[in-house]
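A quick write-up on the structure given underneath.
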Amino acid sequence: MDEQPERWTQATVYPDMWADPDDDPRNTEGNSPDGEFATLLDFLTNYRMTLRMKCEGLDPEQLARRSVPPSTMSLLGLLRHLAEVERDWRNWITDGDPLAKLYGARDGDFHGAVAEQAVVDAAYADLEREQAATDAALAEHADLGERVGKDGIAVRELLVHRVEEYARHCGHADLLRECVDGRVGQ
């Protein structure tokens, strides 16, 4: 990319926000969930929503645009990576054989993130499907202290790790989006 985009936001109330509070779908107006499980799911839901918001309004070329060489990171790559990660978390829950990788070899999720509408559509569909499947698998384990899978990992740890993974990648998405078109915000 030869020229840097000018920084901008759609927010009019606070210049450091992605959207005005009244327009932000993550705004719960001070209502917090009851209990640890509900709190973890609330954070996960909001980070998932943030990632989607950071990708909204971009075409396939913009979604597939790489950050800075030699990195292969892109917003589209993040969508694909998180679909792959959701699938892998189910491998941690089960005692059975691991599920096959969605995108093949290591880092295939980033390397295959090319600027084609079919790839974009598939990435969104893969992410939605894998999130739902992992959510359903974890919903069968209401006790956060329960140990699951071959390694006996606690359900709590899986949930916290999911929140951490999305939070980290939302930070990447902030920078990637700003690089693509200059849009900034929380």
Side-chain angles (χ1 to χ4, degrees), residues 1-30 40-89 101-132 134 160-186:
M1 187 162 83
D2 295 354
E3 48 181 88
Q4 291 204 262
E6 187 173 327
R7 294 180 63 153
W8 64 282
T9 179
Q10 288 183 341
T12 59
V13 178
Y14 303 104
D16 64 336
M17 295 183 79
W18 183 259
D20 288 328
D22 290 343
D23 299 327
D24 192 335
R26 300 165 298 179
N27 187 355
T28 58
E29 299 180 19
L40 290 168
L41 288 182
D42 187 57
F43 271 86
L44 180 60
T45 298
N46 284 328
Y47 280 123
R48 286 174 170 175
M49 200 177 309
T50 298
L51 180 66
R52 285 186 177 268
M53 290 167 69
K54 295 294 177 168
C55 295
E56 283 176 353
L58 299 178
D59 63 31
E61 186 280 323
Q62 291 170 312
L63 286 168
R65 191 175 297 165
R66 303 286 170 93
S67 58
V68 230
S71 175
T72 58
M73 192 175 293
S74 66
L75 288 165
L76 179 56
L78 287 177
L79 294 171
R80 290 167 51 98
H81 171 72
L82 286 164
E84 190 77 76
V85 169
E86 288 281 357
R87 176 173 276 226
D88 190 48
W89 282 323
K101 288 198 161 289
L102 286 173
Y103 305 111
R106 181 175 174 83
D107 295 328
D109 41 3
F110 286 103
H111 291 301
V114 296
E116 296 173 11
Q117 189 62 52
V119 174
V120 171
D121 294 343
Y124 278 113
D126 290 344
L127 181 59
E128 187 174 317
R129 181 191 65 246
E130 297 302 322
Q131 286 172 339
T134 304
V160 169
H161 189 69
R162 289 173 85 198
V163 170
E164 177 273 332
E165 184 87 10
Y166 278 90
R168 184 164 34 97
H169 290 313
C170 280
H172 295 132
D174 285 340
L175 297 173
L176 287 164
R177 179 62 187 252
E178 186 175 356
C179 224
V180 168
D181 70 354
R183 187 160 181 199
V184 297
Q186 90 295 358

Check this for me, if you would: do [X] and [Y] make a salt bridge, where the nitrogen-to-carboxylate-oxygen distance has to be below 4.0 angstrom?
X	Y	answer
E164	R168	yes
E178	R183	no
D174	K54	yes
D24	R26	yes

Distance in Å, [X] [atom1] paired with [Y] [atom2], rounded so as to fall on 0.5 Å steps:
X	Y	atom1	atom2	value
L41	R162	CG	CZ	7.5 Å
W89	E165	CH2	CD	5.0 Å
H172	L51	NE2	CG	12.0 Å
L79	D109	CG	CG	11.0 Å
L82	D88	CG	CG	12.0 Å
W18	E56	CH2	CD	8.0 Å

Report yes if the side chains of [X] and [Y] come closer than 4.5 Å at any heavy-atom pair, otherwise no.
X	Y	answer
H111	Y103	no
D16	V184	no
R80	V119	yes
M73	S67	yes
T134	R87	no

Quick check on [X]: does its [atom1] atom have over 12 non-hydrogen neighbours (other residues, nucleotides or ligands) under 6.0 Å away?
X	atom1	value
R129	CZ	yes
Y124	OH	yes
E128	CD	no
E6	CD	no

[X] (side chain) donor-acceptor with [Y] (main chain) under 3.5 angstrom:
X	Y	value
R65	V180	yes
Q62	D59	yes
T9	M17	yes
W8	D181	yes
R177	G185	no

What pair of heavy atoms forms the shortest contact from [X] to [Y], and how long is it?
X	Y	value
P5	C179	CG-O, 3.4 Å
A113	A64	O-CB, 3.5 Å
A11	A19	CB-C, 3.9 Å
C55	L75	SG-CB, 4.0 Å
A167	Y47	CB-CZ, 3.5 Å

### Query
Given V160 and L40, is the side-chain contact (heavy atoms from CB on, under 4.5 Å) satisfied, shown in steps?
CA-CA 7 Å; V160 169; L40 290 168; 3.9 Å; yes
### Query
Does R48 make a cation-pi contact with Y166, if we ask for NZ or CZ under 6.0 Å from the ring centre and within 45° of the axis?
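Yes - R48 lies over the ring of Y166, closer than 6.0 Å to its centre and within 45° of its axis.
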Can you see whether [X] engages [Y] through a side-chain donor-acceptor pair at a distance of less than 3.5 angstrom?
X	Y	answer
H81	E86	no
Y14	D20	no
S71	R66	no

